[in-house]
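Have a look at the structure below, then the notes.
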Number of protein chains: 2
Amino acid sequence: MSSRAVTIRDVAERAQVSISTVSHTFSGSRPISAQTRERVLAAARELGYDANPSARSLRTGRSGLIGLFLRPRYAVAGTPDRAETFNRLVGSVATEMLRRKTGLIHVPDLHDPAVASVPMDGCLVAHPYGSDEVLAEVQRRGIPTVTVEEDPDRPELAWAVRLDYPRVVTGLLEHLREQGAREITLLSGTEDNAWNRRPRQTYLDWCARIGIRPRTGLLSEGLSGEETAARARELLTAADRPDAFVVCTCDSAAVFVKVAAELGIGVPGELLLAALTDSEHGRVANPRITAMDLNHEVLAEQAVELMFARLSRAAEPKEPVTVDPVLRLRESTARPPH
Amino acid sequence: MSSRAVTIRDVAERAQVSISTVSHTFSGSRPISAQTRERVLAAARELGYDANPSARSLRTGRSGLIGLFLRPRYAVAGTPDRAETFNRLVGSVATEMLRRKTGLIHVPDLHDPAVASVPMDGCLVAHPYGSDEVLAEVQRRGIPTVTVEEDPDRPELAWAVRLDYPRVVTGLLEHLREQGAREITLLSGTEDNAWNRRPRQTYLDWCARIGIRPRTGLLSEGLSGEETAARARELLTAADRPDAFVVCTCDSAAVFVKVAAELGIGVPGELLLAALTDSEHGRVANPRITAMDLNHEVLAEQAVELMFARLSRAAEPKEPVTVDPVLRLRESTARPPH
DNA sequence: GCCAATCATCAAAACGTTTCGATAGCCAGT
DNA sequence: ACTGGCTATCGAAACGTTTTGATGATTGGC
């Protein structure tokens, strides 16, 4: 388009002043006479001057941009459930950042040397894994970081927002018991993050407390529908079939409902079903599925707030901010259905 | 954290070479002996060196980042319908960019001088208004731009992805007629963009073609539930109430259903209802609402592809890429309900 | 055993800002 | 008339890269 970008030098020349005067005019860091200011502003306007952001941040050491890393890599391709989680989280963070008039960067793979690195003043790492390597890397680089959910192996990092799983997962388990469930099986996802680890621990603690035998298993949150169905068939035809399942995603729960129907097992009549994250699947399945909504919007809002606090050199909090997930009770655990 | 960032100079010193040698080692732009390369890489590793992205882009003139502007400003705060549109679009663009290992920046207000400007090699402007000022501004700055949906006042900009409204909106209108509707009212949103203008034009053309009197109106897509309800009550109690409404959002359609029920008007029995964008509201309302899904995922994918083509200096296409919206037929227009 | 070509490296000049010490002009106080 | 203290401006030095012309050192052809 234009042959050459307009620089501060062009403005200075046209306004007949030095480049430092132009700089001061814009930044207000030194007094400039009204007359000179006018000339400079006019020149800038006429030339269509815009400061070069790279030059500015090279000099100042700040870019005004915050990076966002979303850790489950396969969220990107993902299942419908994944896509919804991704979209809600990314959307909420973006909304929050826009409200604060600060740019947000989705950072591509930091470990890929082919990828140009990115100028960020701070970064958010969402849903880190245990001993997360990206988290470690940004810390190594000295970038101020806030995590959305904690690295389960590094609970000491207090610049974090975390979900109150014990309260809500216990609430779900008690609800299942009230609805008549005696044998509850928990199927966790296989990604090693807080969302899988902590509800599982809460379940184990709860079982110990009320004196029942815990029944756990794994069910990868990335499985295809067919794979999940095969697994469901296996579990639902076992001799010691439980009377309630808590599974990781609504995608999986919906498959369980379908397989149960094929086997003539009524939900919620003979089997209760709940998921540890909510999604479209849970809201439109028949019956609709009880799920724990991870409250991404509030999580994002708090994380961004924490990020800004950190950047303005607030003291490190004593412990992470806690956000409540929301239990969405639906027909899949309602006996009789309402 | 670290007292001082590690620069190329530190690496050069430790490896006992000049800084240009270090640079060449990383960029591969000149041959470096195996022995020297080893020393340099070792020094970089030991020191934890990472190139400063601002310095690099100052020098090269490229940042490796693409900007994203989402034009409906109030999408950010917005209604549920808005939030879903925003999340799907932002999520899809982000996903697409991550796949291509390029950073994506959500750009805050370009016109706010308090906001640091942002280094971008190109930018996407989504859902521009008529004679969009942000679009004009980025073009003035000479930033290669691709639009998602066209600026309705500048159809000549061919670096764009647009929806095929005529085909799908006509399909919807014919469907309504097949279902028995004789008087169809179209209520457009009030934001001046392609999504509001083009379906309206398609409707007017269709009416003219089949020889019926067009009935149009406006209904702001940003209205609160109460405001929409008041408007709905007014329209549904009018003497010449039509037998079908096409409204802008599912949020609005859901309110229409509710008000109709209060007035004893059955949907779809006595009134058909459809929306020009799909959302959660449409999928869980009772009856579920027929809607046009704007296919944000494909739109985003195509737009990103076009952006990369443009950045690699491909020739300007003769006309915009066209994507089909998807008609989601549901109970609100099904007579009798299936 | 010399000339040309090739190879590996270096030094210096950008890139466009911000920052900061220096300076010229001016006025008030002695 | 000289000093001291403002005010408005300038000049130059960074910030950390990439790029490119120049320069020794090594090779190969004769």
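A note on names: the letters A, B, ... follow the listed sequences, proteins ahead of strands, and every chain is numbered from 1.
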(message) Using the ring-ring contact (aromatic ring centres under 6.0 Å, His included) criterion, which residues pair with A/His296? Sequence neighbours excluded.
(response) none
(request) Quick one: label B/Asp50 by what it contacts on the DNA or RNA (base, sugar-phosphate, nothing), any heavy atom closer than 4.0 Å. (result) sugar-phosphate
(request) Report which part of the nucleic acid A/Thr7 touches: base, sugar-phosphate, or nothing (heavy-atom distance under 4.0 Å, all strands). (result) sugar-phosphate
(message) Below 4.0 Å from chain A heavy atoms, what is the first contacting nucleotide of DNA chain D and what is the last?
(response) D/dA8 to D/dG16
(request) Tell me which nucleotide among C/dA11, C/dT19, C/dA13 gets nearest to the side chain of A/His24. (result) C/dT19
(request) Identify whether any heavy atom of A/Phe26 sits under 4.0 Å from a base atom; if not, whether one sits that close to sugar-phosphate; answer base, sugar-phosphate or nothing. (result) nothing
(message) The criterion is side chain to side chain donor-acceptor pair (under 3.5 Å); which residues satisfy it with A/Arg162, sequence neighbours excluded?
(response) A/Glu150
(request) With axes from five pairs an end, tell me the bend angle of the helix from C/dC2-D/dG29 to C/dT30-D/dA1, nearest 10°. (result) 50°
(message) Both conditions, 6.0 Å and 45 degrees, for the charged tip of A/Arg100 above the ring of A/Phe308: are they met here?
(response) yes
(request) With a 4.0 Å heavy-atom cut-off, tell me which residues in residues 27-36 of chain A come close to DNA chain C, sorted by residue number. (result) A/Arg30
(message) Given the structure, check if the side chain of A/Arg56 and the base of C/dT17 hold any donor-acceptor pair shorter than 3.5 Å.
(response) no
(request) Please determine, for the side chain of A/Ser20, which listed nucleotide (C/dT17, C/dC10, C/dC20) has the closest atom? (result) C/dC20
(message) If the condition is ring-ring contact (aromatic ring centres under 6.0 Å, His included), which residues does A/His106 pass it with, not counting sequence neighbours?
(response) B/His106
